[in-house]
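Each chain gets a letter, A, B and so on, in the order its sequence line appears, and its residues count up from 1.
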Amino acid sequence: MTPEAQFILFGLNGLVWGLIIALIALGLSLVFGLIEIINIAHGDLFMLGAVLAWYMIQWTGNFWVALAAAPLAVGLLGMLIERGVLRPIEHKPIITILATFGLSLIFQQSVLATFGGAPQRIEEPIGGLIPLVGTFYPVYRVFVAGCALVALAGLWLLLYKTRYGMWMRAVRQDREMAVALGIASDQVYMLTFGLGAALAALGGVLAAPVTSLEFQMGLDVLPTAFIVVIIGGLGSLQGTLVAAVLLGVLEGLANVFVTPTTARIFSLLFMAVVLLVRPQGIFGKRP
Amino acid sequence: MARPAPGGRLRAIQIAGGVVLLFLCAAPYLLGTYFRVFVTEMLIWGLFAMAFDIIYGYTGMLSFGQSTFFGAGAYAVGLTLVHAGSGVWLALGAALLVSLVLAAVIGYFAVKVSGHYFVIITVVFSLVFFRLTLQYKAVTGGDDGLSFQIPALNVGPLALSFYNPVVNYYFVFAVVLLSFLVCFLVMQSPWGRIFVSIRENEHRARLIGYNVERYKLLAFMLSGLFAGVAGALYALTFRYSNAALLHWTVSGQGVLWAIVGGAGTLVGPFLGTGLMVSFTDYIGFWFENYQILVGAVIILMVIVAPRGILGVLMGEGGKGGTSGGR
């Protein structure tokens with residue numbers, strides 16, 4: 001393989017991964033922007049999506065069932081979490097961080113207890129390779145990118161073209177005013193949390209065939225999602241998307257030259273600089 | 001935090017504390033090998049939780065980055081012993097210096113942001129150092145860790161061996177007690193009061209004329225220093241250090257212990273560590289995935305008693321307490 005081809009392939013892998021991260025980060029950003037809580041368990045919702053998909057494929061043998069059902073199940077779980085855990089503590093920021101830390105332990109250990117500690121794989125549901133720059137690229141990864149883009153477009157439509165989306169944006173802007181106008185903010189919170197969880201799980205199902213599944217796979221994804229949300233600017237969905245793709249491609253390309261660990265250290269330092277110099281993010285507006 | 005509690009309860013808690021202290025003084029002679037190591041470890045993690053509480057319970061900043069200083073303390077001891085071939089005292093001095101300097105550098109940047117951003121930036125810094133530790137495997141041993149020998153500790157004419165568990169225990173106990181007393185004095189001093197005023201109302205503290213950032217940095221450095229001491233004690237006790245000690249989930253344990261015990265106090269973190277470590281150890285015997293229950297306990301605690309066990313004992317377990325309210 002020529003160096004140019006390698007460069008392109010790594011860049012493409014980065015792009016696909018960046019789009020998956022965008023799904024997860026948008027879920028995080030929705031919740032963070034609306035309820036202003038840090039959900040430590042968000043990475044584990046991603047993991048649950050992937051692991052549930054694995055189970056569903058074991059039972060039904062069908063990836064497509066899993067692709068639809070796993071995010072739905074995790075979305076419902078997210079709504080339960082909001083209702084049962086976060087609402088009783090009134091979304092108090094620090095207490096919420098602790099509660100979601102507890103949830104994270106519960107999810108990881110439950111999966112460890114049932115799924116086991118050994119990494120598992122899911123086969124790519126779409127085989128085949130596309131010829132590209134003198135080598136081949138898996139069709140499934142192209143499908144992942146397309147699927148993520150469709151989901152993102154759906155999210156945009158939901159937020160900006162439906163009544164529910166308008167409620168969400170209203171509660172986010174000014175909760176009291178929204179409540180005064182008759183918006184059921186409790187339901188909006190619950191649905192938003194569920195939507196955020198479902199997005200993370202969708203990322204998990206899509207990522208499952210290109211990575212290995214284990215109970216701690218969310219631990220690594222969580223900081224990445226936070227990096228993207230912060231760099232993109234809190235509450236800026238476009239910013240989150242751009243930052244995710246940018247980070248994915250840059251880390252992908254960096255893998256050509258340095259170890260993944262070094263690449264990650266650089267993105268972490270970059271995020272620290274953004275936090276200090278421009279806490280509203282690169283694309284965010286001043287709060 | 002000195003909060004007026006019903007006198008009888010306070011007295012009962014003080015008496016219970018005295019009994020525990022007496023027990024700890026005689027522990028090596030009362031306990032078998034297993035529980036001696038167990039109590040030693042509890043003291044070390046208790047110190048770590050207390051160090052965290054300086055920054056969180058007293059100053060009101062939630063940090064998930066204190067594991068960096070714990071790891072730094074442990075590695076400072078290990079690397080000094082391996083490479084400098086020097087004594088325990090120098091290794092301890094190195095641990096103090098390294099954790100203090102590291103806390104000063106990280107804190108200098110971290111205290112510039114507050115709220116959620118502070119939480120995130122502490123996680124970011126701890127991940128950077130975690131990754132660096134993994135990266136430079138030749139020095140740190142990475143995931144496999146670093147094992148080392150502990151030379152005898154020279155105290156005057158005595159040469160005490162850390163391989164003697166009684167010596168090990170009393171050394172740890174003495175250092176933890178000393179750290180506790182130092183923290184106690186600091187928290188009684190104007191510094192401690194200013195920390196609390198920042199926690200209660202940062203804006204007002206600033207308007208009164210305190211340089212809030214400077215005191216936040218001070219609290220961060222104190223916290224980092226004692227986390228480093230805990231790390232050093234860990235290294236001396238287990239003669240081992242590895243990259244996993246620096247992971248932010250280790251900080252998460254400290255956060256948990258401090259809050260379960262009662263944040264905003266110095267005793268609470270020890271109480272929380274003692275109870276939680278005993279709890280996990282006990283149920284760990286018959287339930288492999290005991291961490292599920294730990295998670296459930298955390299959630300139950302924050303819903304039912306956000307002020308921790310000490311808060312409940314003092315009769316302030318209800319919701320809406322200051323530390324729990326943030």
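Within the 4.5 angstrom heavy-atom criterion, only side-chain atoms of A/Phe32, from C-beta onward, approach chain B. B/Ile298 touches chain A through its side chain: at least one heavy atom from C-beta onward sits under 4.5 Å away, while N, CA, C and O do not. For a residue to count as touching a neighbouring chain, one of its non-hydrogen atoms must lie under 4.5 Å from one of that chain's; by this rule B/Val113 touches chain A with the side chain only. Heavy atoms of B/Leu132 lying under 4.5 Å from chain A belong to its backbone as well as its side chain. Only the side chain of B/Phe64 comes within contact range of chain A, judged by heavy atoms closer than 4.5 Å. Using a 4.5 Å cut-off between heavy atoms, A/Leu222 touches chain B through its side chain atoms alone.
A side-chain donor-acceptor contact under 3.5 Å links B/Thr122 to the backbone of B/Phe118. The backbone N or O of A/Ile24 sits less than 3.5 Å from a side-chain atom of A/His42, completing a donor-acceptor pair. The main-chain N or O of B/Ile194 is never found under 3.5 Å from a side-chain atom of B/Arg199 such that the two would form a donor-acceptor pair. Judged purely by atom type and a 3.5 angstrom limit, B/Thr265 uses its side chain to pair as donor or acceptor with the backbone of B/Gly268. At distances below 3.5 Å, not a single donor-acceptor pair connects side-chain atoms of B/Ser63 with backbone N or O atoms of B/Val119.
Listed options A/Ala272, A/Pro223, A/Ser110 were ranked by heavy-atom pairs under 4.5 angstrom with chain B; first place goes to A/Ser110. The residue among A/Thr100, A/Ile230, A/Thr96, A/Thr262 with the most heavy atom pairs within less than 4.5 Å of chain B is A/Thr262.
A cation-pi contact, defined as under 6.0 Å to the ring centre and within 45° of the axis, links B/Lys112 to B/Tyr108.
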